Amino acid sequence: METALRDKHILLGVTGSIAAYKSVLILRELIQAGARVTVVMTSSARQFITPLTFQVLSRRPVYTSLFDPSDEIRHLTLAERADLILIAPATANIIGKIANGIADDLLTTLVLAGRAPLVIAPAMDGDMWTHPVLQRNLSVLDGLGVRVVPPEEGPLASGKEGMGRLASEEKILSAVQNRLKRNEDFKGETVLMTAGPTQEPVDPVRYLTNRSSGKMGYALARAAQGRGARVLLISGPTSLPCPVGVERVQVRTAEEMRDAVLRSLPEATVLIMAAAVADYRPRRSADRKLKKGLEPVLLELEPTPDILSEVRLQRGRRFHVGFAAETEDLENRARAKLEQKGLDLIVANDVTQEGAGFDLDTNIVTLMDAYGETTALPKLSKAETAERILDAIVKLKTRPRTNDRIIR
Ligand code: CTP
C-alpha cells in the first residue's frame, strides 16, 4: 500500500506519561505504513517502559542520552535525517520546555536542532491540561507551526474523568500522514496574504476599526510558509508576532493595504485576502484632536478602495482567495462576493456561530469555489482550518479551467 509514510524517517519521541505504553502501538502502525522509525526516550519515559521494547519493534537502536561518548554529534545527525518528529505522548513538561527553547536532554536538543515538522500528541491529567500555563505554551507551539493532536476526554490515570487521554493511534497517524503529505506542496509559489483589521483615522488619537484579530490570516501565512511557499504578509495592526520565515509589511489603513498589495502583486502566484478591510473611512481626518462639546457630531464617511475588485482584471493565472464574514444568509452572500470579486475560492464564516470568528483559536468555515462546489468544514483550530484552505487551493490550482467553471 502506498502511504505518505513510505520510506520516511520518523523520529518518535517518548516522554514520561502513563500513556507511554501506547507509543509501542504507534510505533507498530508507523512501521506497518512503511516508515523508518528511530525512537528517542526521555529518562522519565524509561520509568514507564523499557528501551528494549522499542528496539525490538523498530529494529534500530533506541537513543536515551545526550552524553553518550560513542557519538557526540548524534543529536545533529538524527535531527538532520528526520522527515518528521513525532512526540507521543508529550507531557506538560516537554511542552513547556519546547515552548521556551530549553534543550536539557537528547529529545529537547533534537527538537531545537531539527527543522523537520513537529507533531505532538499531549497526554496528561485534566487539571494540567486546562492550566493556563500549559495552554499558553500550546499556543506558543501552535504559533511556531507545531501540529498538536489534542487529547481526548475520558477516564484518566488519576481516577478522575476529563480531558487528557492520549488521542487514538488512528488520529495520531493521520495527523502525521497529513503533515507529511502537505510538506512542500507550495514550493515555487509566492503567496501574497493580507491579515488583520485596518484602522481609519478620525483624528490623531481616534480611529474606526473592526474586531479582526488577524489570527486566521497569520495561521494561513504560517501554514503556507511551512508548506514551502514564499509568503509576503501585509498585515493591519495586530499584536501577533511575524511567523518565522514570513516577509511582513505592516500597514494601517485600507489605502495603505491596497498600495502594498499592488506593489507585491506582480510577484504573487496566489493572493489570499484574509484582512477585514474597512469599507468606509472618515472623509476628513482632523489634524488636531477633536474636542468634546455638547452637540451631536456627524462623521462623514466615504468608501475605501475594494482591493479584491480592483485587482480582479489583473488576475491572469494568479489564484485569488477572498473571505466573507457574515451574520446572516451565509452561502448566498458569500457566493455573490465570489462572483462580484472574480475569485477562485471564498472562505465564508458565520461569525455569530459559537467557535467561529473573531479572536478565537477555532473557526467554522465553508469553502465555496469557482466551479460551484461547497464544502462545509467542522469546527477546527485556526491552524487546521488554514491547512484545509491550502489543501483546497492545491486541488483547485491543478484543475483545468474548463467550461464547468462558473467564475471567469
Ligand atoms: N475586501 C477588499 N477590500 C475592501 C473590503 C473587502 O479586498 N475594501 C476583501 C476582504 O479582504 C475579503 C472580501 O473582500 O476577502 C470580502 O470582504 P467583506 O468585508 O466580507 O465584504 P465586502 O465586499 O466588504 O461586503 P460587506 O462588508 O457589505 O459584506
Side-chain angles (χ1 to χ4, degrees), residues 191-201 207-221 224 231-238 249-265 268 270-283 301-315 318-353 356-359 363-370 374 382 385-386 389-390 392-393 396 407:
V191 179
L192 176 60
M193 285 290 309
T194 64
T198 64
Q199 290 178 353
E200 310 300 330
Y207 52 79
L208 300 181
T209 190
N210 58 64
R211 290 180 54 201
S212 167
S213 63
K215 282 186 178 172
M216 191 63 240
Y218 274 62
L220 269 162
V231 180
L232 311 173
L233 173 63
I234 296 168
S235 174
T238 82
V249 175
Q250 286 171 289
V251 296
R252 191 172 169 217
T253 62
E255 182 97 30
E256 286 170 20
M257 184 169 277
R258 175 246 217 166
D259 292 347
V261 167
L262 291 181
R263 260 196 309 275
S264 294
L265 202 60
V270 177
L271 169 68
I272 308 180
M273 282 289 301
V277 189
D279 290 329
Y280 293 96
R281 65 184 165 211
R283 188 182 278 280
L301 302 178
E302 64 181 8
T304 56
D306 188 308
I307 305 171
L308 273 178
S309 301
E310 233 180 85
V311 299
R312 175 181 184 159
L313 292 176
Q314 311 168 29
R315 193 181 68 191
R318 192 175 41 244
F319 194 93
H320 283 191
V321 183
F323 274 69
E326 305 290 348
T327 53
E328 57 192 331
D329 200 14
L330 180 75
E331 291 205 9
N332 288 330
R333 292 193 173 188
R335 195 156 285 289
K337 282 179 193 171
L338 178 86
E339 285 172 26
Q340 280 155 14
K341 302 191 186 214
L343 304 174
D344 296 279
L345 179 70
I346 195 154
V347 181
N349 65 348
D350 178 347
V351 289
T352 61
Q353 253 183 305
F358 307 112
D359 213 20
N363 210 349
I364 309 169
V365 304
T366 300
L367 306 181
M368 287 176 227
D369 66 37
T374 298
K382 284 192 171 160
T385 304
I389 294 168
L390 297 182
I393 296 174
L396 287 164
I407 314 292

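Only a predicted model underlies this, so the values are computations on that prediction, with no experimental measurement involved. Note that ligands are numbered from 1 as they come in the structure, with each ligand's atoms numbered from 1 the same way. Sequential numbering from 1 along the given sequence is applied to the chain's residues.
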Undergrad: Looking at Leu308, which atoms of ligand 1 are within less than 4.0 Å of one of its heavy atoms?
TA: 2 (C), 7 (O), 9 (C), 13 (C), 14 (O), 15 (O)
Undergrad: Under 3.5 Å between some N or O of ligand 1 and some N or O of Val321?
TA: no
Undergrad: Measure across Gly196 and Thr238 and return the closest heavy-atom pair with its distance rounded to 0.1 Å.
TA: CA-CG2, 4.1 Å
Undergrad: Please determine if Ala324 has a nitrogen or oxygen closer than 3.5 Å to a nitrogen or oxygen of ligand 1.
TA: no
Undergrad: Just heavy atoms, cut-off under 4.0 Å: does Pro305 contact ligand 1 by side chain, backbone, both, or neither?
TA: backbone
Undergrad: Any heavy atom of Ala254 sitting closer than 4.0 Å to ligand 1?
TA: no
Undergrad: Could you tell me whether the side chain of Arg318 and the main chain of Leu265 form a donor-acceptor pair under 3.5 Å?
TA: yes
Undergrad: With the threshold set at 4.0 Å, does a side-chain nitrogen-carboxylate oxygen contact exist between Asp306 and Lys341?
TA: yes
Undergrad: Looking only at protein heavy atoms, identify the closest one to atom 18 (P) of ligand 1 and say how far it is in Å.
TA: Lys337 NZ, 3.5 Å
Undergrad: Output, in order, the C-alpha distance, side-chain angles, deciding distance and verdict of side chain to side chain contact (heavy atoms under 4.5 Å, CB included) for Asn349 and Asn363.
TA: CA-CA 8 Å; Asn349 65 348; Asn363 210 349; 3.1 Å; yes
Undergrad: Val249 and Met257: side chain to side chain contact (heavy atoms under 4.5 Å, CB included), yes or no, with the steps?
TA: CA-CA 9 Å; Val249 175; Met257 184 169 277; over 6 Å; no
Undergrad: Which atom names give the shortest non-hydrogen contact between Tyr218 and Ser235, and what distance separates them?
TA: OH-OG, 2.7 Å
Undergrad: Show which atoms of ligand 1 fall inside a sub-4.0 Å distance from at least one heavy-atom site of Gly322.
TA: 15 (O)
Undergrad: Could you identify the single nearest non-hydrogen protein atom to atom 13 (C) of ligand 1 and state the distance to 0.1 Å?
TA: Phe323 O, 3.1 Å
Undergrad: What do the steps show when you test Thr374 against Leu367 for side chain to side chain contact (heavy atoms under 4.5 Å, CB included), and what is the final call?
TA: CA-CA 6 Å; Thr374 298; Leu367 306 181; over 6 Å; no
Undergrad: Kindly compute the distance separating CD1 (Ile234) from OG1 (Thr198), expressed to the nearest 0.5 Å.
TA: 13.0 Å
Undergrad: I need the nearest protein heavy-atom contact for atom 28 (O) of ligand 1: residue, atom name and distance, please.
TA: Asp279 OD2, 4.4 Å
Undergrad: Which option wins on minimum heavy-atom distance to atom 15 (O) of ligand 1: Arg281, Arg258, Met273, Glu255?
TA: Met273
Undergrad: Between Lys341 and ligand 1, which part of the residue brings a heavy atom under 4.0 Å of the ligand: side chain, backbone, both or neither?
TA: side chain
Undergrad: Say whether Ile307, considering both its backbone and side-chain N or O atoms, lies within less than 3.5 Å of an N or O atom on ligand 1.
TA: yes
Undergrad: What I want to know is whether Ala274 and ligand 1 share at least one N or O pair that is separated by under 3.5 angstrom.
TA: no
Undergrad: At less than 4.0 angstrom from any non-hydrogen atom of Ala325, what atoms of ligand 1 do you find?
TA: 20 (O)
Undergrad: Report the part of Asp306 in contact with ligand 1, treating N, CA, C, O as backbone and CB onward as side chain, heavy atoms under 4.0 Å; options are side chain, backbone, both, neither.
TA: both
Undergrad: Report the distance from atom CG of Leu338 to atom CE of Met368, rounding to the nearest 0.5 Å.
TA: 8.5 Å
Undergrad: Would you mind telling me if ligand 1 is within reach of the side chain of Thr304, the backbone, both or neither, using heavy atoms under 4.0 Å?
TA: side chain
Undergrad: Applying side chain to side chain contact (heavy atoms under 4.5 Å, CB included) to Leu396 and Asp344, what does each step give before you reach the verdict?
TA: CA-CA 8 Å; Leu396 287 164; Asp344 296 279; 5.7 Å; no
Undergrad: Which ligand 1 atoms does Ala275 reach within 4.0 Å, using its non-hydrogen atoms?
TA: 10 (C), 11 (O)
Undergrad: May I ask you to decide whether Glu200 forms a salt bridge with Arg252, counting only side-chain N to carboxylate O separations under 4.0 Å?
TA: no
